[in-house]
Amino acid sequence: MKALIEGILKFQTEAFPQRTDLFKHLSTTQQPGTLFITCSDSRVIPEMLTQQEPGELFVIRNAGNIVPSYGPEPGGVSATVEYAVAVLGVTDIVICGHSDCGAMTAISQCKCLDHLPAVASWLRHADSAKVINQGRTHLSPAHKLSSMVRENVAAQLTNLLTHPSVRLARQQGQLNLHGWVYDIESGAVEALDGRTNQFVSLSEHPQTCAYGSNPETVAA
Ligand code: ZN
């Protein structure tokens, strides 16, 4: 805890004074352009990864960067998606998985989670990706995990499409959905190309999009 308190003091004496105008502007308003959904993993820092300032990213983080499908008992993730899309009017949603993900490792290796009932229940939202990944052959456990991470990003994007706010905004041409995978060791980011269902280098293909805002042009 000592490091955190020292961090607060450093923020107040060094970082904050450099952005006083920004924080004054942000004190009564926010207009983030992007909803960024990623894992709770301590090594994945959305603002650092995308080099964004305070006020620019609306963020949801949980174990496994999961978005439950919309249902009769919507939870915190659904409420936050709805607020970001219907109230804040974000123009883009990114679901970002990552290398060495503990949640995806547990699924990929079919680890017994009986002693972690809440985790086991939560990860059921990745069941469709699990079934697909288990049905494939993989060169190694590492390849299997890598594939699971990507399959899960694709599955969570599909779940996102069940949310009425998302569907409405896409139909109005106001929302693009992106599926990314961040590699912790190299800093590389791969993005899902919705036209080919393949992950490609985002730096080499910066226009890559999973689901464009017009459902007519990209298959939902
Ligand atoms: Zn993770």
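Only this structure's heavy atoms are used, side chains among them; waters, hydrogens and symmetry mates stay out. If you're wondering where the values come from, they're calculated on a predicted model, not measured in any experiment. Counting convention: from 1, in listed order, for ligands and their atoms alike.
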Would you say Tyr70 ends up clustered with Leu35 if hydrophobic residues are merged whenever their side chains have heavy atoms under 4.5 Å apart, either directly or through other cluster members? no

Determine how many protein N/O/S atoms sit closer than 2.8 Å to the Zn ion (ligand 1), leaving waters out since they are not shown.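 Considering protein N, O and S only, the Zn ion (ligand 1) has 3 within range.
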
Any side-chain heavy atom of Glu185 within less than 4.5 Å of one from Ser99?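 Glu185 vs Ser99: side chains apart.
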
Below 4.5 Å, heavy atoms only, C-beta onward: do Gln174 and Ser213 meet side chain to side chain? no

Please name the residue in the list Val166, Leu192, Ile95 that meets the side-chain contact (heavy atoms from CB on, under 4.5 Å) test with Leu177.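 One option only clears the test, and that one is Val166.
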
Between the side chains of Thr208 and His205, does any donor sit under 3.5 Å from an acceptor?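 No.
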
Could you check Val85 against His163 for side-chain contact (heavy atoms from CB on, under 4.5 Å), going step by step and ending with a plain yes or no? CA-CA 10 Å; Val85 175; His163 291 240; over 6 Å; no

